[in-house]
Peer 1: 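Dumping the structure here so I can ask a few things about it.
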Amino acid sequence: MARLLFRKDETLNAILYVLKMSNGCCDMHKLCKILYFADQKHLSLYGRSITGDEYIAMNYGPVPSCVYDIFKAVRGDSYFCGDEFKDIIYFPNKKDVAAKAKPDMDYLSQSDVECLDYAIEICRDKSFTELTNMSHGYAWNNTMRDRNISVKDILREAGDDEGYAEYIARCIEEQKAFSL
(Lines give C-alpha, C1' and ligand atoms only; values in the text may rest on other atoms or scores of the structure.)
Protein backbone atom coordinates (compact mmCIF):
# COMPACT_ATOMS: atom_id res chain seq x y z
CA MET A 1 0.00 0.00 0.00
CA ALA A 2 1.37 3.42 -0.94
CA ARG A 3 1.93 5.63 2.09
CA LEU A 4 2.56 9.32 1.93
CA LEU A 5 5.37 11.39 3.42
CA PHE A 6 4.07 13.89 5.96
CA ARG A 7 5.05 17.47 5.11
CA LYS A 8 4.84 19.26 8.47
CA ASP A 9 5.59 22.84 7.37
CA GLU A 10 3.27 22.67 4.38
CA THR A 11 0.55 21.10 6.51
CA LEU A 12 0.75 23.69 9.27
CA ASN A 13 0.60 26.48 6.72
CA ALA A 14 -2.29 24.79 4.91
CA ILE A 15 -4.14 24.67 8.24
CA LEU A 16 -3.34 28.34 8.88
CA TYR A 17 -4.49 29.21 5.35
CA VAL A 18 -7.82 27.42 5.90
CA LEU A 19 -8.22 29.18 9.24
CA LYS A 20 -7.43 32.54 7.63
CA MET A 21 -10.07 31.90 4.98
CA SER A 22 -12.49 30.90 7.77
CA ASN A 23 -12.08 34.14 9.73
CA GLY A 24 -9.44 32.66 12.04
CA CYS A 25 -11.43 29.70 13.39
CA CYS A 26 -12.89 26.46 12.03
CA ASP A 27 -14.56 23.36 13.40
CA MET A 28 -11.98 20.53 13.59
CA HIS A 29 -14.25 18.12 11.66
CA LYS A 30 -14.69 20.61 8.81
CA LEU A 31 -10.97 21.42 8.76
CA CYS A 32 -10.12 17.71 8.43
CA LYS A 33 -12.60 17.33 5.56
CA ILE A 34 -11.19 20.41 3.80
CA LEU A 35 -7.69 18.93 4.04
CA TYR A 36 -8.96 15.59 2.73
CA PHE A 37 -10.69 17.03 -0.31
CA ALA A 38 -7.77 19.41 -1.03
CA ASP A 39 -5.26 16.54 -0.77
CA GLN A 40 -7.46 14.32 -2.93
CA LYS A 41 -7.77 16.94 -5.67
CA HIS A 42 -4.06 17.80 -5.56
CA LEU A 43 -3.07 14.14 -5.65
CA SER A 44 -5.37 13.59 -8.62
CA LEU A 45 -4.31 16.68 -10.60
CA TYR A 46 -0.63 16.99 -9.67
CA GLY A 47 0.47 13.57 -8.41
CA ARG A 48 1.24 14.62 -4.82
CA SER A 49 -0.78 15.55 -1.81
CA ILE A 50 -0.40 18.92 -0.10
CA THR A 51 0.11 17.52 3.40
CA GLY A 52 1.60 14.11 2.74
CA ASP A 53 -0.59 12.92 5.61
CA GLU A 54 -2.23 9.51 5.73
CA TYR A 55 -5.99 9.42 6.08
CA ILE A 56 -7.67 7.07 8.53
CA ALA A 57 -11.21 5.81 7.87
CA MET A 58 -12.87 6.91 11.10
CA ASN A 59 -16.61 6.85 11.85
CA TYR A 60 -17.26 10.39 10.59
CA GLY A 61 -15.08 10.09 7.50
CA PRO A 62 -11.40 10.36 6.57
CA VAL A 63 -9.17 11.97 9.21
CA PRO A 64 -5.58 13.08 8.55
CA SER A 65 -3.54 11.01 11.00
CA CYS A 66 -0.65 13.37 11.80
CA VAL A 67 -2.91 16.43 11.85
CA TYR A 68 -5.23 14.68 14.29
CA ASP A 69 -2.24 13.82 16.51
CA ILE A 70 -1.17 17.49 16.45
CA PHE A 71 -4.69 18.63 17.32
CA LYS A 72 -4.92 16.18 20.23
CA ALA A 73 -1.51 17.28 21.53
CA VAL A 74 -2.38 20.99 21.37
CA ARG A 75 -5.75 20.31 22.97
CA GLY A 76 -4.07 18.32 25.76
CA ASP A 77 -5.76 15.02 24.86
CA SER A 78 -2.57 13.18 23.99
CA TYR A 79 0.41 11.54 25.57
CA PHE A 80 2.52 13.88 23.45
CA CYS A 81 3.17 17.51 24.30
CA GLY A 82 1.81 20.06 21.84
CA ASP A 83 4.12 22.92 22.90
CA GLU A 84 5.75 23.01 19.46
CA PHE A 85 2.41 24.03 17.94
CA LYS A 86 0.90 26.21 20.67
CA ASP A 87 2.25 29.42 19.10
CA ILE A 88 0.51 28.47 15.85
CA ILE A 89 -2.94 27.14 16.76
CA TYR A 90 -5.17 26.78 19.81
CA PHE A 91 -8.57 25.42 20.79
CA PRO A 92 -11.03 27.98 22.16
CA ASN A 93 -13.22 24.93 22.96
CA LYS A 94 -12.99 21.15 22.35
CA LYS A 95 -14.15 21.26 18.71
CA ASP A 96 -12.86 24.49 17.16
CA VAL A 97 -9.33 25.21 15.94
CA ALA A 98 -8.16 28.82 15.91
CA ALA A 99 -5.07 30.51 14.48
CA LYS A 100 -2.41 32.29 16.50
CA ALA A 101 -0.28 32.94 13.41
CA LYS A 102 -0.66 33.81 9.76
CA PRO A 103 0.17 31.32 7.04
CA ASP A 104 3.63 31.59 5.51
CA MET A 105 2.64 31.43 1.86
CA ASP A 106 6.20 30.50 0.88
CA TYR A 107 5.33 26.95 2.00
CA LEU A 108 2.26 26.69 -0.24
CA SER A 109 2.48 26.42 -4.01
CA GLN A 110 -0.03 28.01 -6.35
CA SER A 111 -1.52 24.56 -6.95
CA ASP A 112 -1.75 23.96 -3.17
CA VAL A 113 -3.75 27.17 -2.77
CA GLU A 114 -5.92 26.30 -5.78
CA CYS A 115 -6.89 22.94 -4.25
CA LEU A 116 -7.32 24.38 -0.75
CA ASP A 117 -9.64 27.06 -2.17
CA TYR A 118 -11.60 24.38 -4.02
CA ALA A 119 -12.03 22.32 -0.85
CA ILE A 120 -12.92 25.35 1.28
CA GLU A 121 -15.62 26.27 -1.24
CA ILE A 122 -17.22 22.81 -1.42
CA CYS A 123 -17.19 22.47 2.40
CA ARG A 124 -17.97 26.07 3.37
CA ASP A 125 -21.70 25.93 4.09
CA LYS A 126 -21.98 22.22 4.89
CA SER A 127 -23.20 20.89 8.22
CA PHE A 128 -21.42 18.19 10.20
CA THR A 129 -23.77 15.56 8.75
CA GLU A 130 -23.41 16.83 5.17
CA LEU A 131 -19.60 16.80 5.45
CA THR A 132 -19.66 13.32 6.93
CA ASN A 133 -21.87 12.06 4.11
CA MET A 134 -19.75 13.85 1.49
CA SER A 135 -16.61 12.14 2.77
CA HIS A 136 -18.17 8.68 2.91
CA GLY A 137 -17.21 7.94 -0.68
CA TYR A 138 -15.50 5.01 -2.37
CA ALA A 139 -12.20 5.34 -0.45
CA TRP A 140 -13.85 5.46 2.96
CA ASN A 141 -16.33 2.69 2.13
CA ASN A 142 -13.53 0.46 0.81
CA THR A 143 -11.51 0.73 4.06
CA MET A 144 -12.07 -0.93 7.42
CA ARG A 145 -12.77 1.58 10.22
CA ASP A 146 -9.67 2.96 11.93
CA ARG A 147 -7.37 1.80 9.13
CA ASN A 148 -5.32 3.75 6.58
CA ILE A 149 -7.14 4.65 3.38
CA SER A 150 -5.02 3.69 0.38
CA VAL A 151 -3.78 6.34 -2.02
CA LYS A 152 -5.13 4.22 -4.85
CA ASP A 153 -8.65 4.32 -3.37
CA ILE A 154 -8.43 8.09 -2.85
CA LEU A 155 -7.51 8.44 -6.53
CA ARG A 156 -10.21 5.98 -7.63
CA GLU A 157 -12.75 8.04 -5.69
CA ALA A 158 -11.50 11.15 -7.51
CA GLY A 159 -12.30 9.41 -10.79
CA ASP A 160 -8.77 8.53 -11.83
CA ASP A 161 -8.18 5.34 -13.79
CA GLU A 162 -6.42 2.29 -12.43
CA GLY A 163 -3.21 2.91 -14.38
CA TYR A 164 -2.81 6.42 -12.95
CA ALA A 165 -3.64 5.23 -9.42
CA GLU A 166 -1.01 2.47 -9.70
CA TYR A 167 1.57 4.90 -11.10
CA ILE A 168 1.10 7.49 -8.33
CA ALA A 169 1.13 4.78 -5.64
CA ARG A 170 4.39 3.40 -7.08
CA CYS A 171 5.95 6.89 -7.22
CA ILE A 172 5.04 7.51 -3.58
CA GLU A 173 6.55 4.17 -2.53
CA GLU A 174 9.78 4.99 -4.38
CA GLN A 175 9.89 8.44 -2.80
CA LYS A 176 9.45 6.90 0.64
CA ALA A 177 12.23 4.39 -0.03
CA PHE A 178 14.64 7.19 -0.92
CA SER A 179 13.73 9.23 2.16
CA LEU A 180 14.64 6.50 4.67
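Just so you know, these numbers use all the heavy atoms, side chains as well, and skip hydrogens, waters and symmetry mates.
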Peer 1: Would you say the side-chain atoms of D146 pair up with the backbone N or O of M58, donor to acceptor, closer than 3.5 Å?
Peer 2: no
Peer 1: Is the shortest heavy-atom distance from the side chain of S111 to the side chain of R48 under 4.5 Å?
Peer 2: yes
Peer 1: I'd like to know whether CG of D161 has more than 12 heavy-atom contacts from other residues, nucleotides or ligands below 6.0 angstrom.
Peer 2: yes
Peer 1: Once you round to the nearest 0.5 Å, how far does OH of Y138 lie from CZ of R156?
Peer 2: 5.0 Å
Peer 1: How many angstroms lie between NZ in K20 and CG in L116, if you round to the nearest 0.5 Å?
Peer 2: 12.0 Å
Peer 1: Charged N to carboxylate O under 4.0 angstrom, R147 versus E54?
Peer 2: no
Peer 1: Is it true that a side-chain atom of Q40 and a backbone atom of I154 form a donor plus acceptor pair closer than 3.5 Å?
Peer 2: yes
Peer 1: So for atom NZ, which belongs to K102, do other residues, nucleotides or ligands contribute more than 12 heavy atoms lying within a distance under 6.0 Å?
Peer 2: no
Peer 1: Determine whether more than 12 heavy atoms belonging to other residues, nucleotides or ligands lie under 6.0 Å from atom NZ of K72.
Peer 2: yes
Peer 1: Indicate if F80 and F91 have the same hydrophobic cluster label, given that clusters are the connected sets of ILVMFWY residues with side-chain heavy-atom separations under 4.5 angstrom.
Peer 2: no
Peer 1: What is the distance from atom OG of S49 to atom CG of L155, rounded to the nearest 0.5 Å?
Peer 2: 10.5 Å
Peer 1: Any heavy-atom pair between the side chains of T132 and H29 that's under 4.5 Å?
Peer 2: yes
Peer 1: Ignoring hydrogens and angles, state whether a donor on the side chain of S127 or T129 is under 3.5 Å from an acceptor on the partner side chain.
Peer 2: no
Peer 1: Of all the heavy-atom pairs spanning D104 and N13, show the shortest one and how long it is.
Peer 2: N-OD1, 2.6 Å
Peer 1: Is there a donor-acceptor pair closer than 3.5 Å between any side-chain N or O of D39 and the backbone N or O of I50?
Peer 2: yes
Peer 1: Taking the side chain from H136 and the backbone from L131, do they hold a donor-acceptor pair closer than 3.5 Å?
Peer 2: no
Peer 1: Would N59 and R145 count as a side-chain contact (heavy atoms from CB on, under 4.5 Å) if you check the C-alpha gap in whole Å, the side-chain angles of each, and the deciding distance to 0.1 Å?
Peer 2: CA-CA 7 Å; N59 287 336; R145 292 305 69 87; 3.8 Å; yes
Peer 1: D160 versus K152: any side-chain heavy-atom pair under 4.5 Å?
Peer 2: no
Peer 1: Would Y68 and V18 show up in the same hydrophobic cluster when neighbours are defined by side-chain heavy atoms closer than 4.5 Å?
Peer 2: yes
Peer 1: Give the ring-plane orientation class for Y46 versus H42, where under 30° counts as parallel, over 60° as perpendicular and anything between as tilted.
Peer 2: tilted
Peer 1: With distance as the sole criterion, is a donor-acceptor pair present between the side chains of S65 and D53 under 3.5 Å?
Peer 2: no
Peer 1: May I ask you to check whether over 12 heavy atoms, not counting those of E162, lie within 6.0 Å of atom CD?
Peer 2: yes
Peer 1: Between I56 and I149, does a side-chain contact (heavy atoms from CB on, under 4.5 Å) hold up when you go through it step by step?
Peer 2: CA-CA 6 Å; I56 308 299; I149 299 173; over 6 Å; no
Peer 1: Any side-chain heavy atom of F37 within less than 4.5 Å of one from S135?
Peer 2: yes
Peer 1: Under 3.5 Å, side chain of D69 to main-chain N/O of C66, donor-acceptor pair present?
Peer 2: no
Peer 1: Using a 4.5 Å cut-off on heavy atoms from C-beta on, say whether the side chain of M134 contacts that of I122.
Peer 2: yes
Peer 1: Can you check whether M28's main-chain N or O pairs, donor with acceptor, with K33's side chain at less than 3.5 Å?
Peer 2: no
Peer 1: Does R124 pair with E121 as a salt bridge, N-O distance under 4.0 Å?
Peer 2: yes
Peer 1: Applying side-chain hydrogen bond (donor to acceptor under 3.5 Å, both in side chains) to Y17 and D117, what does each step give before you reach the verdict?
Peer 2: CA-CA 9 Å; Y17 179 79; D117 286 343; 2.5 Å; yes
Peer 1: Which of these, N148, N142, N141, sits in a side chain to side chain donor-acceptor pair (under 3.5 Å) with D153?
Peer 2: N142
Peer 1: Nearest 0.5 Å please: distance from the CD atom of E10 over to the CG atom of D106.
Peer 2: 11.0 Å
Peer 1: Check the hydrophobic clustering (I, L, V, M, F, W, Y; side-chain heavy atoms under 4.5 Å; chains of links allowed) and say if L12 and M105 are grouped together.
Peer 2: yes
Peer 1: Would you confirm whether T11, through its side chain, and R7, through its main-chain N or O, come within 3.5 Å as a donor-acceptor pair?
Peer 2: yes
Peer 1: Report whether V67 and M21 are members of the same hydrophobic cluster (ILVMFWY, side-chain heavy atoms less than 4.5 Å apart, transitive linking).
Peer 2: yes
Peer 1: Write down the atom of C25, the atom of D96, and the distance for their closest heavy-atom approach.
Peer 2: SG-CB, 3.7 Å
Peer 1: So C32 and P62, do their side chains get closer than 4.5 Å, heavy atoms only?
Peer 2: no
Peer 1: Which atom names give the shortest non-hydrogen contact between E114 and L45, and what distance separates them?
Peer 2: OE2-CD1, 3.9 Å
Peer 1: Working note: D125 + E130, criterion side-chain contact (heavy atoms from CB on, under 4.5 Å); need CA distance, chi angles, decisive distance, verdict.
Peer 2: CA-CA 9 Å; D125 297 321; E130 289 171 322; over 6 Å; no
Peer 1: Taking ring pair (Phe, Tyr, Trp, His ring centres under 6.0 Å) as the test, write out the residues that go with F85, two or more places apart.
Peer 2: none
Peer 1: For Y36, run the ring pair (Phe, Tyr, Trp, His ring centres under 6.0 Å) check against W140, Y55, Y60 and tell me which one passes.
Peer 2: Y55
Peer 1: State the NZ-CZ distance between K8 and F6, to the nearest 0.5 angstrom.
Peer 2: 8.0 Å
Peer 1: Please find the pair of heavy atoms, one from I70 and one from I89, that lie closest to each other, and give the distance.
Peer 2: CG2-CD1, 4.4 Å
Peer 1: Is the closest side-chain heavy-atom distance between F71 and I15 below 4.5 Å?
Peer 2: yes
Peer 1: Look at the side chain of K95 and the backbone N and O of C26, then say whether any donor-acceptor pair between them is shorter than 3.5 Å.
Peer 2: no
Peer 1: Determine, using the 4.5 Å side-chain heavy-atom cutoff (strictly less than), whether I34 and Y107 are members of one ILVMFWY cluster.
Peer 2: no
Peer 1: Are any side-chain N or O atoms of K41 and backbone N or O atoms of A119, one a donor and one an acceptor, separated by less than 3.5 Å?
Peer 2: no
Peer 1: Got a second to check how far L5's CG is from I172's CD1, nearest 0.5 Å?
Peer 2: 8.0 Å
Peer 1: If you take all heavy atoms of L16 and A99, which pair is closest and at what distance?
Peer 2: CD2-CB, 3.9 Å
Peer 1: Can you give me the closest heavy-atom contact between A14 and L108, atom names plus distance?
Peer 2: N-CD2, 3.9 Å
